Every structure is written in C-alpha cells, then in structure tokens.
Protein chains: 2
Amino acid sequence: MATIYEVSELAGVSLATVSRVMNNNGKVSQKTRDKVLDAMSKLGYRPNSSAQSLASNRTNSVGVLIPELKGPFFGQLMAGVEEQLRKANKHVIITAGHSEEHSEKDGIEFLLSRNCDAIIVHVEAVSDDYLIELSRGTVPIVIINRYVEAIADKCIYLDNKIGGYLAAKTLLGKGHKNIAYISGPKWKEDSNERIFGHKAALEEAGIEFDEDLLYVGSYVHESGSIGLTELLHKNKKFTALVCSNDEMASGAMSTARKLGYDLPNDLSVIGFDNIIYSSYLFPTLTTINYPVMTMAKMAVDMVLRDVYEHHKLKISNVFSPKLVERNSVASIK
Amino acid sequence: MATIYEVSELAGVSLATVSRVMNNNGKVSQKTRDKVLDAMSKLGYRPNSSAQSLASNRTNSVGVLIPELKGPFFGQLMAGVEEQLRKANKHVIITAGHSEEHSEKDGIEFLLSRNCDAIIVHVEAVSDDYLIELSRGTVPIVIINRYVEAIADKCIYLDNKIGGYLAAKTLLGKGHKNIAYISGPKWKEDSNERIFGHKAALEEAGIEFDEDLLYVGSYVHESGSIGLTELLHKNKKFTALVCSNDEMASGAMSTARKLGYDLPNDLSVIGFDNIIYSSYLFPTLTTINYPVMTMAKMAVDMVLRDVYEHHKLKISNVFSPKLVERNSVASIK
DNA sequence: TTGTAAGCGTTATCAG
DNA sequence: CTGATAACGCTTACAA
C-alpha cells in the first residue's frame, strides 16, 4: 500500500502539501494540486485511517448503541443513522445493549474504547444519573428516545404523551367507552408517558380509567397475546384495546383471531410506532406513527453540528407523533 | 487521557512491559504484571486504538455490507454478526449497498478505506468477476448468501434448490396440482435456484410447470400484491401459490383477503425465509426456514479463523433450509 | 504557496 | 524476564 511519502516523492512535493490537498485545507496552487492528485491516482493511494486518527485525534467514526439490531423499530433507526453519516463520510460502529444495564454500560465502554468521535445511544436500563455523568465526559453523546431533563439539549425524543392521547381520542371518537390497555414495562419512561396521555384523554371525556383493564407487558409480540388472554379472564367488558406498541398489538390480534373474534367488529385495536409490518396485519393496524428514521437523522445532524462543525444545521429535539388510520378500529353503534 | 507512557512511569517499568501485559504476550512476572495492572486502573488507562492499529497494522474492525439495514432478514444477519464479533472484541463497521452496483462498490470502497481487517458482504448487484478480483486483494472477504464457484471457500450460502424443492413438495403432498409462483427478480441467483428446485419437484411428480402461472416480482411486499393480482387476471385456475420470500407472501395474502378469499381454503400460500413476522400473519405462514443468523455467525467464525487466528473453528459453507409448517397451506380434498 | 520537523500512542525487534 | 529504540503514516505548527 502506497503511503503519503511515496505520493509526495512521485509528485515532487512535500508531505505537508500532499496532506493539504487530501484534506482540502491550506492554500495549494491548482498546479501542484493537480500533480498531487495525479500521483495519488497513479499509485492507487488510499490514506491510512489509523494514522490519520492518531495524528488528528479524530476517528471519523460514531458509535451507536441500540437495544437490538434486529426488530423493525431499530432497523429504521440504524438505517437513518447510517445513511446520514455515510453522506458525511463518517462511519458507524454499531453495538447492541439488550436493554440490560450491564450490557448497556459494557457497550458504551466498548464504543469509547474504540475512540468514537461521538456516540448515539438508545438505552433503557441505565439510569439518568449515569447518562448525566457520561455526558460530562470528553466524548459527546446524543440520547435518542429518552428525555433527561438535566441534559435535555442532548436528547432527541418523541412526545409520547401526545401519542397516548391521540390513540385514546381516536377510540373515544368512535364511541368506545370500555377500553383495555396493554402497556410496556413500568420501568420504561415511554410506556408511562403513553399511558399518561391515555388517561388524560379519558379524563377529558369524563371516563374513569379502569385499573383492572390494564395489563403491563414487555413490548414484545408474545406479551400482547398473554396480555389479551389475561384481560379476557377478568370478565369485564371492553370494546377496544390500546397497545403500547405495534408488536404487542400484533400479538393481541393473533390471539383474538384464534379465539374467534371478528376484528375489528368484536374488538377494536390500536397500536403505537407504525412499524413496517403493521400494515401487513389483518386487519391492517391503526396506529400512532413514530418518525424514528427522521429522528435518527436528526441525532446524526446534532453530531455533525457539534463534533464535525457543520454549522447551520438546525436541530429539533422533540418530535410529534401522528395518527395513522387503517382498519383495526370500528365504530360503536 | 492517560497514555501508556504514564502507566509505565507510575508502574516503574518500561513501555514494552506495559504493552506486554496489555496484550498478554511475552513473558512477564506476576509481580510486575500486578504493578502494571494496578497503575492502569489507577489512571483509568484506556489504550488508544488508533495508535494500536497504526503500530500493529490491525484495526480489529470488520466491515459489513448488506443491502439494507432495515428489514427483518438483514436485521437477523446483522445481529448474528455483531454478537459473534463482539464476543471476540472486534467491532463492526456497517454500511448499506442498496442492491445497486454503484452503491455496493462504493460501500466496499468505503469499508476498505476504513482499513477493516476483513469484510463480510451480502451483495447482489456486483458481478462474480468483481468479487473474484476483490478476493485477490489484500483484505480477506467473505461472501454471504451467494455461491461463486471460483471462490467457493469464501462463500457461506444456502442450498436454495432444496428450499424450492421442499416448498413444492409440501404443496404437492397436500394434493395441489395447479400451483402459481411469484418469484424474485431474474437477476438474483437465489430466486433462480429456488424456482429450479420447485420445477424439479414438479417434474418428479409428473406435473408440468406452467409459465403462465409465474410472476416475477422483486422480493418486496407490494410485489406480492401485484403479483397475485396479475396471476388472477390470467383466469387460470390455481389452488396454491408459492412465493419466493415471505414478504411477497405477505403481500399476496393481504391482497387475497382483500378480494374476499378465505385463506388457506381458497388458496394455499407458502413462503421462504421464515422472517420474524411470518408467524404474525393471518393465517400464520408456512414457510422455509433460512438460518440466516447461524450463517452470519459462521461468516464471522471464518474471519476469526483466517484473520485473527482462532484456529480450530470449524467452518461449514453450505446450509440447508427446513420446512416450517404453519397454517397457510390446506389440503385439497 | 510550500517545506521542515516534531509529535500522535502504540508495537515489536534487539539486546541485555 | 525487562528495557531501549526504531518504526507505523499522517497532521500541523512554524519557517521560509
């Protein structure tokens, strides 16, 4: 592999000049620039990124930590991050945190040891204090899908309350009064916010939230199935079900069909996230859109602005969810 | 950030010794080792990976190129790669090729410029010759889900013919004789192989493949919908439909339901891949399992063996698909 | 506008 | 078993 030294030799200039044309900084006359470019292509020169990093103290890599690499939601997130970063000629180092404290910390440690210029995390198990502490470190961090007050400017998040509110409103608007709810785990902030919005809408409509009609799941398909089964066991009437995410909605619908329900007439279901396959389900799922790809790109823009000095990038920290109407909600006659 | 120099100073040993304990090579007495370890933790020392790479000519990173970061199939692939690599303390640099020649080459170039120690690719648009050429370069490459004869030992692939055969056999076994087929694009080798296996099974059963009942799709959901619609327009009877992947099967089923078909009684459908949501569909999809995660790990094992000298890792290049029976196939009475 | 030279933080070769 | 010391390939003051 050719080095910068050989390029400088062939072009008849100094190392510094070669470096200048590579990085497009400093003044170089068109003539010498051409000579250098020429030598580079003749030699098939490709800069050694480790050497660049060592000398410049910049790796051009940003670390990404998400709970899982598979799964529809995180797939979108990753795709957004990679696309945006690649455009800027930076690369992504990706790792999974598995929603488990030890594993998340470990992942962050791993990324830091790789000398990332910044890290973008979607963490759930780690405490706010840990994040605050982390953000005091030398490596810039951006937190996606979580709001931590003390470092709000480093957070890119969704207004989950509005989402929960919207979902409930939709059901209410169709005449539903007895609404069951399958929530995400209590220790995840977003599930609490979603249910908060839900309750707000009920209250506005003068309907009391029935704790018996609440099942706390875990955001996975199976927990939607189990949740519906449990709710049904209580022998309390409900005509609609809101699920804190689409995967659980999908699980609940599978079970409902198995039990012979005619959806959505026997039971209306509404989800959250608008993951790719929500429109492939039967019936197609009415849900709340989570603009995760857009948010991922925004997280990258933040890094680009703060670390790589792409000024004039405008950053928004909060995003709003929107209703996506499909066929899983029926009107009460 | 503390450097190796400060560690050596605090421990009262030379740089070389510190390096030795870091890398666990060379002989170091337990006593000095302890002193060094102690100094390291006192200083919160973390080696500079760029410097290590520069000096050792090894980045401990492996590049991964796949068509898309989102999507159920590639999600699994990535998850497998990352998990296995992380265990070995290597990191993944990931990028998308979008099944487009220019973009794939560009992605590979990008990874090479990042000095990856090896690259794992799932490419579709680039030619065999390009891959052969690439494999002659200095960076080891492993090719996943594609068989290139000249470099077969660098390929990890599925026996798609058996898969196609299995799917057809399943339908035949249930008494279907009029079978429609929605295939992937003609330029993707795997779709050709799948259809080849399909035809072999038909032939064995003495049934002729009806070209009219073939629709060439593009492996995405919508193309399953369109495909079924087109097939129906031909007004030829068929009782079963095989789709070259689950996404198209999902699309076809959506459309069938929309048209009022009672699935699987009015139409049996079988897919390929066994992506995560195939069991969430209605009816749950009978399909052919693609052990993509296992294969991804095998690809990693191959680079671990060849590049990082983890000898005694056993490598298998070919994998066999298996039938997963669910509820989308009915018997013909 | 161009060149010189001092790092950047490791690894690895040789001696001892 | 341990220590000097020369690379590794590039960036970046500082000079010219």
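Just so it is clear, the structure is predicted and the values come from calculations on it, not from any experiment. Each chain gets a letter, A, B and so on, in the order its sequence line appears, and its residues count up from 1.
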Output the residues of residues 45-55 of chain A in contact with DNA chain C, where contact means a heavy atom of the residue under 4.0 Å from an atom of the strand; sort by number or write none.
A:Leu54, A:Ala55
Tell me every residue that passes salt bridge (charged side-chain N to carboxylate O under 4.0 Å, His left out) with A:Lys297, counting only those two or more places apart in sequence or in another chain.
A:Glu83
OP1 or OP2 of C:dT2 versus the side-chain N and O atoms of A:Thr32: is any pair under 4.0 Å?
yes
The criterion is side-chain hydrogen bond (donor to acceptor under 3.5 Å, both in side chains); which residues satisfy it with A:Arg305, sequence neighbours excluded?
none
For A:Ala152 against A:Asn317, the heavy-atom pair lying closest together
O-OD1, 3.8 Å
Roughly, in whole Å, what's the span from CG in B:Asn57 to P in D:dC10?
12 Å
Could you tabulate the donor-acceptor pairs under 3.5 Å formed by side-chain atoms of residues 137-148 of chain B, not counting sequence neighbours?
residue  : atom : partner  : partner atom : Å
B:Asn145 : OD1  : B:Tyr290 : OH           : 2.6
B:Asn145 : ND2  : B:His122 : NE2          : 3.0
B:Arg146 : NE   : B:Asp128 : OD1          : 3.4
B:Arg146 : NH1  : B:Val123 : O            : 3.3
B:Arg146 : NH1  : B:Val126 : O            : 3.1
B:Arg146 : NH2  : B:Val126 : O            : 2.8
B:Arg146 : NH2  : B:Asp128 : OD1          : 2.7

Answer yes or no: does a side-chain N or O of B:Ser19 lie under 4.0 Å from OP1 or OP2 of C:dT11?
yes
Please write out the pairs of protein N or O atoms and N or O atoms of nucleotides 14-16 of chain D separated by less than 3.5 Å, giving the distance to one decimal.
none

What residues 2-12 of chain A contributes to the DNA chain D interface at heavy-atom separation below 4.0 Å is A:Thr3, A:Ile4
Qualifying residues under side-chain contact (heavy atoms from CB on, under 4.5 Å), relative to A:Ala55, sequence neighbours excluded
none
Reckon B:Val13 touches a base, only the sugar-phosphate, or nothing at all at heavy-atom distances under 4.0 Å?
sugar-phosphate
Does anything in residues 27-40 of chain A pair up under salt bridge (charged side-chain N to carboxylate O under 4.0 Å, His left out), and if so which pairs, sequence neighbours excluded?
A:Asp38-A:Lys42
I'd like to check the salt bridge (charged side-chain N to carboxylate O under 4.0 Å, His left out) partners of B:Glu109; sequence neighbours left out, ordered by chain and number.
A:Arg46
Donor-acceptor pair, side chain of B:Ser53 and main chain of B:Arg58, under 3.5 angstrom:
yes
Taking the side chain of B:Ser56 as its heavy atoms from C-beta onward, which of D:dA4, D:dT12, C:dT11 lies nearest to it?
C:dT11
Where the side chain of B:Lys27 is defined as all heavy atoms beyond and including C-beta, which of C:dA12, C:dT11, D:dC1 is the nearest nucleotide?
D:dC1
Please list all pairs meeting ring-ring contact (aromatic ring centres under 6.0 Å, His included) that have one or both residues in residues 26-71 of chain A, counting only residues at least two apart or in different chains.
none
Pairs involving residues 91-100 of chain B, ordered by first then second residue, that meet side-chain hydrogen bond (donor to acceptor under 3.5 Å, both in side chains) (sequence neighbours left out)
A:Glu82-B:Thr95, A:Arg86-B:Thr95, A:Arg114-B:His91, B:Glu68-B:His98, B:Ser99-B:Glu124
When the axes are fitted on five pairs at both termini, how much does the helix from C:dT1-D:dA16 to C:dG16-D:dC1 curve, in 10° steps?
30°
